[in-house]
Structure formats: C-alpha cells, structure tokens
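Reviewing the structure listed below.
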There are 2 protein chains.
Amino acid sequence: MARIPASERRAALIEAALRVVSRRGIAQATTRAIVAEAGMSLASFHYAFDSRDELIDELIITVVAREQQAVIPDLSPGQSLRELLESGILGYFEHLKADPEHEQAMLELTQYALRSPERHPLARAQYARYAELAERSLELAASVADVAWRVPVPEVARTLVAFTDGLTLTWLVDRDDDAARAVAQAAADALSRMAGPR
Amino acid sequence: MARIPASERRAALIEAALRVVSRRGIAQATTRAIVAEAGMSLASFHYAFDSRDELIDELIITVVAREQQAVIPDLSPGQSLRELLESGILGYFEHLKADPEHEQAMLELTQYALRSPERHPLARAQYARYAELAERSLELAASVADVAWRVPVPEVARTLVAFTDGLTLTWLVDRDDDAARAVAQAAADALSRMAGPR
DNA sequence: GTGCGACTGGGACGACTGTCCCACTTCGGC
DNA sequence: GCCGAAGTGGGACAGTCGTCCCAGTCGCAC
C-alpha cells in the first residue's frame, strides 16, 4: 500500500464510508467494510481515526457541508413565482432520481444522529443547512418573479424543507414519479401563496 | 416462567420488540434486548420465531395493521374544507407529540424495510395503509364541508401523506412546534385547493 | 397415573464486531 | 548514510451477535 498522510487517509475513508452507507446502509458500514471499500488495512483506519464513531460523525459533517444548491430554480424570467418554485422542486426531484441512494443515505444518517443525544446536534445542523439553502432559493425566486415574501423567509424555508423531505421519503418507498410531481405542484402552490406584490 | 402457548409468546415478543425499537432504535433491537424486555429466555424466542428477521417482519406487519385513523378532523360543521384539513393535520401533530418515539420507530422500520429487496413490499404496504387512512379522512372532510374533490382522491391522499411525513421528519429533528404548525397550515391550504363546489 | 407433546432454561457454538498491539517499512531532515 | 517519526500489515483480543442444542418440566388426553 502506498504511503498516504493521515489527513488524506481520513478523506479517503470518509468517501469510502459514504459509498458503503449509500450502497448497503449504515448498519452495514462496519470498519471492515469501509476499509475494504477504501482498499486499506484495519490498522490504517485506526491510525486515521480514533474510532468508528468519530468517522461517522466526520462523515455527517462532511456530507452536510458539501450539500449544494439542489433546489435552484432555472431563472427564466417572465415566470410566475409558483412556476419558479415548482420547477425548482422538480429540479430537486431530478437530483433525487439521479442518485436515490445518496438521499437515502442522508436520511439514514439523520435517523442515526437522532438516536443519541450527543449526536442530535449533527441532525439539527443538517437541517439548518437545508433551511439555509432553501432560503437562498426562495429569495432568488422572489426576486426573479418580482414579488416579496409576506411570511418571514426562514419560516417559508422550513416549510419547503418539510415538503421536499416528504416528497423524498414517499418517492423512495413508492418510486411513483407522478405522485412526486403532484406533491411538487401542491407544495409550489402553497408556498407561492406566502408572497405578494412587492 | 409461566408456560405460555407459542402464539401468545409471539404477540408478547412483538410488543416487546416495538418498545425496544421505539426506545433505543432498530439497531439495538437485538434478540437479547427484546427477550429481556419481554422477560423471557432466548430459547423461548426461537421457539416462537424461526429467526430475528421473521420477528421484525411480523413487527412491521402488526404495527401497520394497527395504524389507526390519526388524521381525523373534528367534524364540527360550518368549517371550511381548509379549516377541517388543518385541524386534521394538527390532530396528527398532537398524536406525534404525544408519542414521538413511536413515529420515529415507524420511520426506522420503513428505512429498514427499504434496505432489502425482499422487505421492500413491507414498506410499500405501510405507505399504502397510510394512503388508505388519508383517503378516508379526505372523503369525510369533503363531505362535511360539502365540497367535491376535483383531483382523484388517491392522488390527494398521497400528497397528504407526503406532507405529514415531511412534518414528522422535520419536527423530530427540530422539535419546533411553530414550524410544524406552519407546515400544517400550508399543507391544508394546498390540499383544500384541490376541491371545489359540489 | 401415565405418557407424550408442548414448552422452558442455561449454556454453548461460530461468526462478526470494534479496537489494539507490535514488528516492520518508508520517508524527510540532517 | 542515519535516525526518528510517520505510516503499514497482520494477527489477536474481548465482547456481542443470531442461533442452536439438550436435558428437563409442565399440562392435558387417555
């Protein structure tokens, strides 16, 4: 095995862990499975990380920090806010369909974090990040549609996050694209009503 | 230990398993933990069930079959459909607040079922049941409000399930009652728009 | 009451887990 | 070239997991 500084090994192990969690679930993400995925030995694992828990915590932090603007409306002007929001949510839906395992992994990591008091803040941080990204999309959409939010944007954002979460969960179970699109439409409808003329 | 027929033991073990999953998560629901919760010996477990997998499958089936009308609007007439739906969703929210661990357990069981192809149908059945209950509530609400659904009720129902799912997930993370109420309001608003005068 | 089948308890099994140890190799600075 | 620190490999550890076995006990039908 090539010699790799511990910091790079940490990164490689986190990537390997994410792949294992996505493919087989967090319960199967054992130290040996992660190490095999990364092509390393067990000793390298515990040289880079004190424990498996530390790795999982780092994984959550990494994956949350990396979360990108998924729900970004395509900014063709001349569209109503409702249309912008709907195409934004549908954009997220395409992202979900392109890599369902990733979103399922995110869901599992949240549930995992929810199960121990000391990890609960990680779940909160994850959702704070989602809300932050949602806020930005909402501000952008309102500005393109030339309207103003009548409800505080953070509140609208939390509602948007809840709606996309519900869409994700139900689609992962049913894989029903039409149902997901109906949810997107209803969500865009409800949210757009929280804005008014500037 | 008193002598108990295997069928009763199965029921007792399922109840014990539900308590363990609720309290500590499915990963901690080992045969020994379940047996301790039920006050039995390991042998009794494998006398009643062939394997832990069989127990978990039975647990999901039981708990889904038992799922009751949570989102039932209080039927005071004279309310608009929107109001009926909102109070219905808020009713579910109270149910969630009263026993968060139970809903978290349901979520975990879904995720668990989603992870193996042969268990995936259990997750589908769970959501089919949710949709069925939602349909009934929606029909009832429309009849009390004296309106008709313009969108097929099964479609409305799936959207309602997605919305309540999102509400559940975000509230379990943030425990933010106001945010949950905002989601309920927005969801009721969106759904009520799918109905019109009879 | 006797016998047989249903049920029980405790201990054991092999597999798998996270973690650790230790002898070894490689590298950068001198 | 040398040396200490950084990084590596393989094997071992104790603990926990699901499952199984077996000797024993109870209760009911006859």
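Residue numbers start from 1 in every chain, and the chains themselves are labelled A, B, ... in the order their sequence lines are given, proteins ahead of strands.
A heavy-atom distance below 4.5 Å is not found between the side chains of A:L169 and A:D165. Between B:R115 and A:Q28 there is no side-chain heavy-atom pair separated by less than 4.5 Å. Between A:E139 and A:V153 there is a side-chain heavy-atom pair separated by less than 4.5 Å. Counting heavy atoms from C-beta on, the side chains of B:D177 and B:W171 come closer than 4.5 Å.
Look at CZ on A:R9: it is 7 Å from C1' on D:dT8, rounded to the nearest Å. To the nearest angstrom, P of D:dT8 lies 14 Å from CZ of A:F49. Nucleotide C:dC7 holds its P atom 12 Å from the CZ atom of B:R10, rounded to whole Å. Atom-to-atom, CG of A:L13 to P of D:dT8 comes out at 10 Å; the value is rounded to the nearest Å. For the pair B:I34 CD1 and D:dG18 C1', the interatomic distance rounds to 11 Å; values are reported in whole Å. For B:I56 and D:dG18, the CD1 to C1' distance is 12 Å, given to the nearest whole Å.
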Just the atom pairs and distances: protein N or O near nucleotides 1-3 of chain D's N or O, under 3.5 Å.
none

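A salt bridge between B:E132 and B:R136 is present, with a side-chain N of the basic residue lying under 4.0 Å from a carboxylate O of the acidic one. Ionic pairing of A:R129 and A:E67 is not present here: no N-O contact between side-chain nitrogen and carboxylate oxygen is shorter than 4.0 angstrom.
Side-chain atoms of A:E8 do not come within 3.5 Å of backbone N or O of A:I4 as any donor-acceptor pair.
Within the model, atoms CG of A:L109 and CZ of A:R119 stand 11.0 Å from one another, a figure rounded to the nearest 0.5 Å. Rounding to the nearest 0.5 Å places CD1 of B:I26 at 4.5 Å from CD1 of B:I56.
By the 30° and 60° cut-offs, the orientation of the rings of B:H95 relative to B:Y92 is tilted.
Among A:T170, A:D176, A:D178, A:D174, the one residue that satisfies the side-chain hydrogen bond (donor to acceptor under 3.5 Å, both in side chains) test with B:R158 is A:D176.
Sorted by residue number, the list of members of residues 116-123 of chain A with any non-hydrogen atom under 4.0 Å from DNA chain D is empty.
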Contact string for nucleotides 10-20 of chain C, one letter per nucleotide 5' to 3', B = base within protein heavy-atom range under 4.0 Å, S = sugar-phosphate only, - = neither, reads B-B----BBB-
